[in-house]
Amino acid sequence: MTTGQPRNCGLAVVDPATGETFDEAPDQHPDELDAVVGRAHAAWRGWRTDPAARSAALRAAADAVAAAGPELAPLLTREQGKPLAESYLEVDRTAARLRYFAELAPRPRTITDGRPVHSEIRWRPLGPVAGIVPWNFPLQLAAAKFAPALAAGNTMVLKPSPYTPLATRLLVSVVAGALPADVLTVVTGREPLGARLASHPGIRHVTFTGSGPTGRAVARGAADSLARVTLELGGNDAAVLLADVAVERIADRLFWAAYRNCGQVCMAVKRVYAPAGRYAEVVEALAERAKSVVVGAGLDPGTELGPVNNAAQLARVAQCTARALADGARAAAGGHRLDRPGYFFAPTVLADVPAHSAVVTREQFGPVLPVLPYTDLDAAVDAANGTGFGLGGSVWGTDLDRAEEVAGRLECGTAWINHHAELSLAQPFAGVKESGVGVAGGPWGLYGNLRPFVVHRPRPEA
């Protein structure tokens with residue numbers, strides 16, 4: 001995508017299955033944000049006052065999103081690349097998140113400490129919130145930001161990735177139809193639009209999902225106005241297989257935990273550590289599935305795995321794989337681009353990968369999975385914990401008590417046993433180390449959009 005075009009040319013949107021532009025979105029100028037944020041602040045004055053009306057509006061918005069699935073899902077697949085069935089699941093998850101937060105409300109709390117006063121903690125919304133969303137799950141992650149923010153009584157200005165603006169614009173149009181004007185708005189465009197939004201003095205909370213370097217820039221921008229930040233900055237999740245693992249029983253789950261959405265999932269399995277005695281079996285099982293999976297355009301009914309979303313990410317995946325092969329890795333499956341139009345990369349399983357290779361130490365964010373052998377479980381756990389990331393991790397084995405003990409040693413925000421990357425709407429979602437700051441999901445996501453307000457009054461005299 002060309003970044004040097006003048007603003008009045010619009011924002012070109014490319015179909016990753018063809019590599020061709022199929023539509024465009026508005027390329028808004030950063031100077032437009034003052035008016036947008038101003039309207040969000042004006043709308044906040046009324047939106048924050050009536051919790052019952054907010055809940056009713058969010059329930060209506062959820063129904064509208066579910067009804068709009070036939071329009072939203074194909075458009076999402078067209079600009080993002082994922083199979084159509086996965087796009088429908090994303091729409092369903094978006095509606096479910098709205099319904100979940102529609103039923104949540106902050107609870108006042110009384111402080112009982114023996115003083116002759118009645119002290120009550122109440123909760124107040126923050127004001128206009130900025131949501132900055134990546135291209136891998138544009139609808140689901142947008143809702144993960146605006147559903148708790150709106151339920152808490154805030155308004156939101158949402159900025160999607162320039163690679164996936166269209167379905168998000170449609171989603172906001174659908175949701176906004178159930179809300180008062182300017183409670184939820186969307187802006188689209190190239191940088192520095194996102195940077196200007198994150199640093200805007202009228203924004204009181206910035207919630208961002210994306211890369212570590214961009215997240216740090218967002219935090220620096222928000223610091224100027226002392227805005228709160230919630231940052232989900234990706235992961236390099238490890239799957240540790242124990243010696244008693246039933247490889248054939250878990251192979252499909254492990255494969256899709258790594259390759260769903262073409263590997264473009266922050267909490268996907270991105271490294272596998274297998275016992276040396278089971279190593280060849282694990283590599284063969286994963287490679288067999290990689291070779292048999294149907295790769296194609298997301299709108300084709302038989303497609304199981306779509307393209308990488310954009311040309312820049314495809315180049316990164318190809319470079320990362322080429323470097324691993326140059327380091328001595330062996331491609332048990334794939335290892336190359338597919339010779340067809342679009343941004344397709346063969347599902348790749350890498351064996352004999354040096355531990356220092358970038359495909360192990362960094363987040364590849366594509367359909368490439370390194371499998372590493374170990375002879376000492378403690379060393380494998382150390383290796384799993386040995387990167388700067390800490391989003392998720394998993395342990396796979398037959399002895400569940402043993403697997404849970406090992407999972408408890410992983411340095412991450414969420415650990416799974418015999419599955420991976422399955423989340424409840426009611427659970428907290430957070431990373432450690434370089435994987436993020438703050439908490440999303442469940443009641444924690446709601447309270448992250450609120451501030452405490454304490455009221456003291458004398459107790460009635462006896």
Determine whether the aromatic ring centres of Trp123 and Tyr447 lie less than 6.0 Å apart. yes
Does a salt bridge link Glu103 with Arg59, judged by any charged N lying under 4.0 Å from a carboxylate O? yes
Mind checking what makes side-chain contact (heavy atoms from CB on, under 4.5 Å) contact with Val294, not counting sequence neighbours? Glu304
Check residues 386-393 and write down every donor-acceptor pair under 3.5 Å in which the side-chain atom is one partner and the other belongs to a residue at least two apart or another chain.
from: Thr387; atom 1: OG1; to: Phe389; atom 2: N; distance (Å): 3.2

Okay, side chain of Trp396, backbone of Ile250: is any donor-acceptor separation there less than 3.5 Å? no
Qualifying residues under side chain to side chain donor-acceptor pair (under 3.5 Å), relative to Glu404, sequence neighbours excluded: none
Can you find a pair of side-chain heavy atoms, one from Asn309 and one from Leu314, that are under 4.5 Å apart? no
Is the ring pair Trp416/His420 parallel, tilted or perpendicular, if the boundaries are 30 and 60 degrees? tilted
Can you confirm whether Asp378 is buried at CG, in the sense that more than 12 heavy atoms of other residues, nucleotides or ligands lie under 6.0 Å from that atom? yes
Residues passing the side-chain contact (heavy atoms from CB on, under 4.5 Å) test with Ala384, sequence neighbours excluded, are Ala238, Val240, Tyr273, Leu410
Report all side-chain donor-acceptor pairs from residues 130-149 shorter than 3.5 Å, counting only partners two or more places apart or in another chain.
from: Asn136; atom 1: ND2; to: Gln264; atom 2: O; distance (Å): 3.2
from: Lys145; atom 1: NZ; to: Thr207; atom 2: OG1; distance (Å): 3.2
from: Lys145; atom 1: NZ; to: Thr209; atom 2: OG1; distance (Å): 2.8

What residue pairs, at least two apart or across chains, pass salt bridge (charged side-chain N to carboxylate O under 4.0 Å, His left out) with a residue in residues 286-296? Glu248-Arg289, Asp252-Arg289
Within a 6.0 Å radius of atom CZ on Arg362, are there more than 12 heavy atoms belonging to other residues, nucleotides or ligands? no
Looking at Gln313 and Val317, would you say the former's side chain and the latter's main chain have a donor-acceptor pair under 3.5 Å? no
Any donor-acceptor pair under 3.5 Å from Asn154 side chain to Gly127 backbone: yes
Is a side-chain donor or acceptor of Ser357 paired with a backbone partner of Val353 at a separation under 3.5 angstrom? no
Is a salt bridge present between Arg93 and Glu90, judged by a nitrogen-to-oxygen distance below 4.0 Å? no
Ignoring hydrogens and angles, tell me if any N or O in the side chain of Lys270 forms a donor-acceptor pair with the backbone of Cys266 under 3.5 Å. yes
Can you tell me if Arg249 has over 12 outside heavy atoms packed within less than 6.0 Å of its CZ? no
Just wondering, are more than 12 heavy atoms of other shown residues or ligands nearer than 6.0 Å to CZ in Arg340? yes
Is the number of heavy atoms from other residues, nucleotides or ligands within 6.0 Å of CZ (Arg204) greater than 12? yes
Is there side-chain contact between Arg402 and Leu242, with at least one heavy-atom pair below 4.5 Å? yes
